[in-house]
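This report refers to the structure that appears directly beneath it.
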Amino acid sequence: MESQDRIYFARRAAEEQALTQSASNPQVANAHQKLQRAYLEKASVGDRPAQPAD
């Protein structure tokens, strides 16, 4: 993964964290938190290899 992609995902994770903290609805906050985790994972490790179907 290119450095620019990781920077983008890290930036999006920070934005999602801010949205999580400002959300007044718990369901909305939970959705933003899940997105934050997904973006953080992408920024940290990049794409994961696909798992073969059993």
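Please read all numbers here as calculations on a predicted model, not as lab measurements.
- The distance from atom CZ of Arg6 to atom CZ of Arg11, rounded to the nearest 0.5 Å, is 15.0 Å.
- Atoms CG and CG, on Leu40 and Leu35 in that order, are 11.5 Å from each other to the nearest 0.5 Å.
- Every side-chain contact (heavy atoms from CB on, under 4.5 Å) that Ala23 has, sequence neighbours left out, goes to Val28, Ala29.
- Pairs engaging residues 27-40 under the salt bridge (charged side-chain N to carboxylate O under 4.0 Å, His left out) rule: none recorded [sequence neighbours left out].
- Rounding to the nearest 0.5 Å gives a distance of 12.5 Å between CD of Glu41 and CD of Gln36.
- Residues satisfying the side chain to side chain donor-acceptor pair (under 3.5 Å) test with Glu16, not counting sequence neighbours, are Arg12, His32.
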